[in-house]
Amino acid sequence: MVFASKKPRLRAALNLQVAVVLVAMLTALWVLVWPRLERYFLLQAAEQNEVTLRLASDSLRAALDRYAPLPHLIAQSPTLGALLRAPGAPGAVAAANTELLNTALAVSASDVYVMGVDGTALAASNYYKGEGSFIGNNFSFRPYFTQALDGGLGRYFALGTTSGERGYFYATPVRDGPEIVGVVAVKFTVDAFEENWRGAASEVIVTDVNGVVAMSSQQPWHFRTTQRLDDEKLKAIALNRQYPLDQLTPLDMQRRALSGSADIATVGGMEYVASSAEVIETAGWSVTSLVPTAGARTQAMWVLAVFALVGLFAILAVAAWRQRGLQAAAVQRELEARVRERTDALRIEVEERRATEAELRRTQASLVQAGKLSALGQMSAALSHEFNQPLAAVKSYAENAGSFLDRGQIQQARENITRISGLADRMARISKHLRNFARRPDEASGPVALDKIIEDAVAVVEPRLKRDAITLDIAGPEAAAVVNGGHVRLQQVVVNLLTNAADASGPGGRVVLGAAPLEGGWQVTVRDFGAGIPQDAQSQMFDPFFTTKETGKGLGLGLSISFNIVRDFGGTLWGRNHPEGGAVFGVDLRAAEGVQEAAE
């Protein structure tokens, strides 16, 4: 009976001891372990957030770098120069509008427009939009205009006063010799960036030097401010009409340090892990990525729960050992099952995190591949350059056709019109196939007849040669000469070499075009009788945008484009000074069997 009476008291004392130890353990977990677990998972979230930040900032920086050189290339257009020199000339505005629209479509820009020195838009790619067109509007209040008018590269982000769309503007002066006669501006919108950001797990905001939210994955955050704007900044924003003043309200963002590169930020009652990086150092732009802290704290809570369960299991195991009862054994089995369940949940979560990291790496690889498309900026300049020769031939044929019609020579006029039609088809093919810069080297090639290529190339440059009284001597090739390549692109290579030779020889000069068999193929050579290749230019003559011509006489793209075309067909383009004076450029091509025009 005594033993029976003590048993409940011993059991009660044991239960009290277990309860005390359990409370002590939970207190220790909450006070000592929880802060460390919380910080660890917040830092893990910050590391993942850095990946999102790099993706967002790199894509934005790549777009800005891609558009920066475009205004300077567009400003070289003779059409725009003619418009600015004589705005009232018949057809000048229409021609400029059409060229600017084609340019905007080619480079995926929102708007491209040209302004006089007073800031009034004379032509624009959106000329067809009626009241939404920029034509007739004065933009002299924009900083990008004044920067370009001073001779530099203008850049500015603002809400469009005409279109009502946010965009980044680049501007550069248009020169007539040393004189600035106007300004060309290119605008691209940022909606596509924000649409991509909305699909991510993080929120992204881009702030300017004044702390105004210029871009964000959250549309309600647009034009909110992350810092107080003084009267001077507000006055400058109002003067430049950069943002709507009534929307410049505080975002109420509070930040406290988490680590060297990450903070804890509170925005609108929500808490985030925030990481920031500058994207335009000179302009003071920065990108901030915000990932909610709720996920990290949930992970920390699960781990803490596992620790608590493990601790509880240990305590109950000791109690079970002391009680040596079946009930304690049952509790132990139940706890073991719970630990396994929680462990499985953590294992699944770890696997999901690894899958997410793998997806992020694939996304980074895709971004690197997409960065190759920045060559599109050079392609737009190449398009303008490659059209110059056919357009000059079209103009000459058109003038001759008019003369033939005046003299009643209908047949000769019809032949010139037929040639103009052929050249128009050629320009369409050139425009279509400039994308060959992005394809694999051996695509779209096959057997082509070399004599037909040379015949067509001579037809393109013939008006230029006649105009400058340049003698062209042609030797070969045989009709059976068949090489590996593409008709249009090889024809363009020969046109480029003939044009450069004509420029070097000058009016009244002489050019020699030859084609001769080569071991395993054929060699086409073009010789001029000019001053030759300067010593310091021989190592750079095939580089993009390198030219020895005067400013405005060439973009330095012809030899670079020709070099890549010939290389894609397995050939070689070379150039050197001729021992008897002048320079000679040659194209070595591989022989092919049969004649089947390669798809361009």
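Positions are given from 1, in the same order as the sequence printed here.
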Nearest atoms (heavy-atom pairs only) where Ile470 meets Gly508: CG1-N, 4.3 Å
Thr189 vs Glu165, side chain to side chain donor-acceptor pair (under 3.5 Å): CA-CA, chis, key distance, verdict: CA-CA 7 Å; Thr189 58; Glu165 296 178 339; 5.4 Å; no
Side chain to side chain contact (heavy atoms under 4.5 Å, CB included) assessment of Leu70 paired with Val184: CA-CA 10 Å; Leu70 292 182; Val184 168; over 6 Å; no
Check: Ala56 main-chain N/O paired with Ser59 side-chain donor or acceptor under 3.5 Å: yes
Pairwise distance CZ(Arg85) to CG(Leu80) - rounded to 0.5 angstrom: 10.0 Å
Leu559 and Asn496, any side-chain heavy atoms less than 4.5 Å apart: no
Donor-acceptor contact below 3.5 Å, side chain Asn577 vs main chain Gly532: no
SB check Arg464 Asp503 (cutoff 4.0 Å): yes
Closest approach of Pro173 to Ala75 (non-hydrogen atoms, all atoms of both residues): O-CB, 3.7 Å
Any Trp197 side-chain heavy atom under 4.5 Å of Val206 side chain: yes
Aromatic ring proximity, centroids under 6.0 angstrom, Tyr170 and Tyr67: no
Asp588 side chain near Trp522 side chain, heavy-atom distance below 4.5 Å: no
Chi angles and distances behind the side chain to side chain contact (heavy atoms under 4.5 Å, CB included) call for Asp456, His487: CA-CA 9 Å; Asp456 291 347; His487 187 99; 2.7 Å; yes
Any donor-acceptor N/O pair, Ser505 side chain to Ala502 backbone, under 3.5 Å: no
Approximate separation, where rounding is to 0.5 Å, of Ile135 CD1 and Leu100 CG: 8.5 Å
Flag side-chain contact, heavy atom, 4.5 Å: Leu84 against Leu122: yes
Nearest-0.5 Å distance, CG of residue Leu573 to CG of residue Leu589: 9.5 Å
Under 3.5 Å: donor-acceptor pair, side chain of Asn484, backbone of Gly570: no
Show every donor-acceptor pair shorter than 3.5 Å between a side-chain atom in residues 413-420 and any protein atom, with sequence neighbours excluded, or say none if there are none.
unit_1 : atom_1 : unit_2 : atom_2 : d
Arg414 : NH1    : Gln411 : OE1    : 3.4
Asn416 : ND2    : Tyr397 : O      : 3.2
Thr418 : OG1    : Arg414 : O      : 2.9

Within-4.5 Å side-chain heavy-atom neighbours: Arg166 and Glu194: yes
Worked verdict on Val493 versus Val587 for side chain to side chain contact (heavy atoms under 4.5 Å, CB included): CA-CA 9 Å; Val493 171; Val587 180; 4.0 Å; yes
Atom pair OG1/CD1 of Thr79 and Ile74 - distance to nearest 0.5 Å: 12.0 Å
Note, Leu153 side chain near Gln147 side chain (heavy atom, < 4.5 Å): no
Charged N-O contact under 4.0 Å between Arg510 and Asp528: no
Ser125 OG to Phe134 CZ distance, which is reported to the nearest 0.5 Å: 7.5 Å
Atom CZ of Arg198: over 12 foreign heavy atoms under 6.0 Å: yes
Closest approach of Ala96 to Leu83 (non-hydrogen atoms, all atoms of both residues): CB-CD2, 3.6 Å
Nearest heavy atoms of Ala171 and Val183, plus distance in Å: CB-CG1, 3.9 Å
Closest heavy-atom pair and its distance - Phe569, Gly486: CZ-N, 3.2 Å
From CA spacing to verdict: side chain to side chain donor-acceptor pair (under 3.5 Å), Lys129, Ser163: CA-CA 10 Å; Lys129 291 186 178 180; Ser163 64; over 6 Å; no
Matching residue for Tyr144 among Phe169, Tyr168, Phe139 - test: ring pair (Phe, Tyr, Trp, His ring centres under 6.0 Å): Phe169
Lys/Arg-Asp/Glu bridge criterion (N-O < 4.0 Å) met for Glu399, Lys395: yes
Audit row: Glu179, Arg175, salt bridge (Lys or Arg N to Asp or Glu O under 4.0 Å) steps and yes/no: CA-CA 5 Å; Glu179 180 184 3; Arg175 299 179 183 271; over 6 Å; no
Flag, side chain of Arg576 to backbone of Gly586, donor-acceptor distance under 3.5 Å: no
Heavy-atom closest pair, residues Val482 and Pro447: CG1-CB, 3.8 Å
Ser275 side chain vs Ser289 backbone, donor-acceptor pair below 3.5 Å: no
Test item: Phe529 and Val512 side chains (from C-beta on) under 4.5 Å apart, heavy atoms: yes
Gap separating the NE2 atom of His578 from the OG1 atom of Thr525, nearest 0.5 angstrom: 8.5 Å
Derivation of the side chain to side chain contact (heavy atoms under 4.5 Å, CB included) call for Tyr127 and Leu101: CA-CA 8 Å; Tyr127 65 91; Leu101 174 59; 3.9 Å; yes
Donor-acceptor contact present, side-chain Ser57 to main-chain Arg54, <3.5 Å: yes
pair Thr162-Asn126: side-chain heavy atoms closer than 4.5 Å: no
Over 12 foreign heavy atoms within 6.0 Å of NE2, His72: no
